[in-house]
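Worksheet: the structure to be examined is printed underneath.
Worth knowing before you read on, the calculation uses all heavy atoms, side chains too, and leaves out hydrogens, waters and symmetry mates. One-based numbering, in listed order, for ligands and for the atoms of each.
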Amino acid sequence: MAQDGKINPFEMAKEQVDIAAQHLNLDPGSIEKLKSTKRELIVHFPIEMDNKKVKIFTGYRVQHNVARGPAKGGIRYHPDVDLDEVRALAMWMTWKSAVVNIPFGGAKGGVECNPKEMSLHEIEHLTRRFTWEISLMLGPEQDIPAPDVYTNPQVMAWIMDTFSILKGYSVPGVVTGKPIELGGSLGRFEATGRGVVITSLEALKHLNMVTEKAKIVIQGCGNVGGVAAMHFDRMGAKVIAISDSQKGLYNENGLDVKRVLNNKAKHRCLVCEPKEETEITNQELLELKCDILIPAAMESQITKKNASRIKAKVIAEGANGPTTPEADDILNDKGVFIVPDILANAGGVTVSYFEWVQNLQELIWSEEEVLDRLTRIMQKGFKEVLGISLSQKIPMRTAALVLGIGRVAEASRLRGLYP
Ligand code: NAD
């Protein structure tokens with residue numbers, strides 16, 4: 001815990017390693033290595049803003065572990081980005097790739113900025129200069145960024161263009177989540193949200209619950225939350241609440257998801273139509289009675305302060321690190337079934353891997369092929385994690401960490417120490 005009471009996500013991520021290590025019989029040296037990041041770059045760089053004033057921004061790129069393949073992980077633009085957040089997110093990327101058995105290591109990047117207060121022109125300048133600053137770490141065989149909070153396919157296009165200009169030839173494989181026209185994969189934009197839905201359905205099946213009767217609550221309506229809402233709606237489940245950073249909307253009989261998301265896209269904020277729905281806060285949303293709660297926004301949303309009031313039967317973590325270890329204990333005692341982040345939101349890295357494979361081989365797969373492969377990988381990941389959870393009688397999160405960390409530890413052991 002940080003001094004101001006804010007939960008430090010890196011401390012939280014390291015605590016998770018200690019919990020999993022108890023089940024893995026790892027030696028203390030290996031545990032220390034798994035808890036350490038491999039490379040960290042902090043950059044301070046100037047951008048000329050639209051008002052002609054120069055502003056200095058701070059950005060980070062962290063590679064956590066590359067034992068199983070090139071470093072992979074998104075880039076986030078948010079005012080709260082800091083080194084420990086990026087370190088934690090990089091570590092979770094390592095475990096996530098390993099849980100779904102994708103041959104990538106883990107990385108993450110971020111810039112402390114508020115893109116909501118910046119013009120497109122300023123965001124482009126910031127992206128290009130940040131890419132230049134961290135370019136020594138990037139490359140299709142080294143480190144491959146992707147979108148995260150408040151970054152999108154256009155930002156990925158600028159990263160690819162800037163890196164390609166530096167190299168003198170086009171390098172589509174340096175980044176995933178690109179627009180289709182630049183070598184992006186069909187199905188990538190929707191992949192994380194779809195993965196959350198696929199693993200949620202597996203959880204419902206395991207618990208003998210019926211999809212069509214399920215009531216869903218989603219925090220965040222961006223790439224992950226918005227896409228998950230659309231898919232649940234299409235399948236006949238009821239999305240009863242959704243939120244953005246400002247507010248939530250609630251209708252116990254089910255929201256008109258299409259209208260809500262169209263309004264969000266048009267007005268860049270959620271619009272409450274009082275005849276159709278009630279406005280609620282993000283805190284109220286998390287505590288609603290529902291079958292599946294999907295945190296799909298930021299870290300540390302479910303903490304020891306609100307965990308005892310959570311009424312969901314299943315939590316499928318679209319966001320990275322939304323639940324603190326103390327909250328985990330409370331939820332496990334209450335019998336809430338958790339599909340942990342490193343499994344639930346692994347659809348993004350899975351289709352990012354497909355995109356990278358297509359780029360390197362100059363292939364284009366159909367959307368059907370992508371979705372088919374995604375579904376199989378997510379279902380297999382769920383089955384493997386559930387199997388460990390049931391056989392070892394440990395919570396789903398610990399089981400996912402045991403699977404992911406175990407694979408990384410074994411890869412490290414086989415590679416050995418150099419020199
Ligand atoms: P996004 O920028 O598309 O959407 C973020 C959403 O969260 C927006 O609706 C925003 O309004 C909302 N939000 C921001 N701050 C909030 C707050 N304090 N309270 C409530 N809502 C808030 O981002 P995204 O790509 O959907 O990412 C969401 C989460 O999913 C993050 O934790 C990210 O790391 C994780 N994730 C994303 C991907 C991906 O492929 N995009 C993959 C794996 C995990």
Side-chain angles (χ1 to χ4, degrees), residues 6 9 72-81 85-86 88-93 95-97 99-100 102 106-110 114-116 123 144-156 175-178 184-185 187-196 199 217-230 241-249 260-261 263-265 267-270 280-286 294-302 316-323 339-355 374 378:
K6 197 181 152 208
K72 182 86 189 84
I75 289 183
R76 173 177 293 197
Y77 291 169
H78 195 278
D80 295 342
V81 165
E85 181 185 66
V86 179
L89 290 164
M91 185 187 280
W92 289 326
M93 283 305 299
W95 314 146
K96 192 181 303 182
S97 299
V99 165
V100 283
I102 296 297
K108 206 80 182 191
N114 189 350
K116 288 183 187 169
I123 294 173
I144 309 134
D148 194 74
V149 176
Y150 299 151
T151 57
N152 56 28
Q154 174 61 76
V155 172
M156 300 305 114
V175 72
T176 60
K178 298 179 289 294
S185 177
R188 170 61 185 91
F189 184 76
E190 300 205 329
T192 311
R194 269 190 192 263
V196 172
T199 50
V217 168
I218 305 181
Q219 184 193 40
C221 59
N223 182 236
V224 181
V227 169
M230 243 164 42
I242 197 162
S243 65
D244 65 7
S245 60
Q246 303 305 312
K247 59 160 141 343
L249 305 180
V260 168
L261 293 180
N263 272 343
K264 167 79 182 170
H267 303 286
R268 299 178 73 186
C269 63
L270 287 175
I280 54 172
T281 65
N282 262 295
Q283 274 318 308
E284 288 167 337
L285 174 134
L286 292 170
I294 301 178
M298 305 300 288
E299 300 93 67
S300 306
Q301 297 301 302
I302 305 175
E317 296 180 334
N320 287 306
T323 311
V339 188
D341 48 4
I342 57 173
L343 170 63
N345 70 34
V349 74
T350 302
V351 179
S352 274
Y353 167 65
F354 299 162
E355 182 171 329
L374 170 68
M378 296 304 293

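- Partners of Ala88 according to the side-chain contact (heavy atoms from CB on, under 4.5 Å) rule, which considers only residues two or more places apart in sequence or in another chain, are Pro9, Phe10, Ala13, Trp92.
- Taking only non-hydrogen atoms, the option from Ala319, Ser245, Cys269, Ala146 nearest to atom 16 (C) of ligand 1 is Ser245.
- Residue, atom and distance of the protein heavy atom nearest to atom 2 (O) of ligand 1 are Tyr150 N, 2.8 Å.
- Between Gly195, Gly177, Gly222, it is Gly222 that holds the heavy atom closest to atom 6 (C) of ligand 1.
- Evaluated by nearest non-hydrogen atom to atom 44 (C) of ligand 1, the leading choice among Asn320, Leu286, Ile242 is Asn320.
- The protein non-hydrogen atom at the shortest distance from atom 25 (O) of ligand 1 is Asn223 CB, 3.6 Å.
- Counting only heavy atoms of the protein, atom 7 (O) of ligand 1 lies nearest to Ala297 CB, 3.6 Å.
- For ligand 1, the polar-atom distance check finds an N/O of Val224 within less than 3.5 Å of one of the ligand's N/O atoms.
- Here's the thing with Gly220: none of its N/O atoms is less than 3.5 angstrom from an N/O atom of ligand 1.
- A salt bridge links Arg76 with Glu299: at least one charged nitrogen is closer than 4.0 Å to a carboxylate oxygen.
- Geometrically, ligand 1 and Thr192 share a nitrogen or oxygen pair separated by less than 3.5 Å.
- Ligand 1 has at least one atom lying under 4.0 Å from a heavy atom of Arg188.
- By the ring-ring contact (aromatic ring centres under 6.0 Å, His included) test, Phe354 is found to be paired with Trp365, residues two or more places apart in sequence or in another chain being considered.
- Closest to atom 18 (N) of ligand 1 among all protein heavy atoms lies Met298 CG, 4.1 Å.
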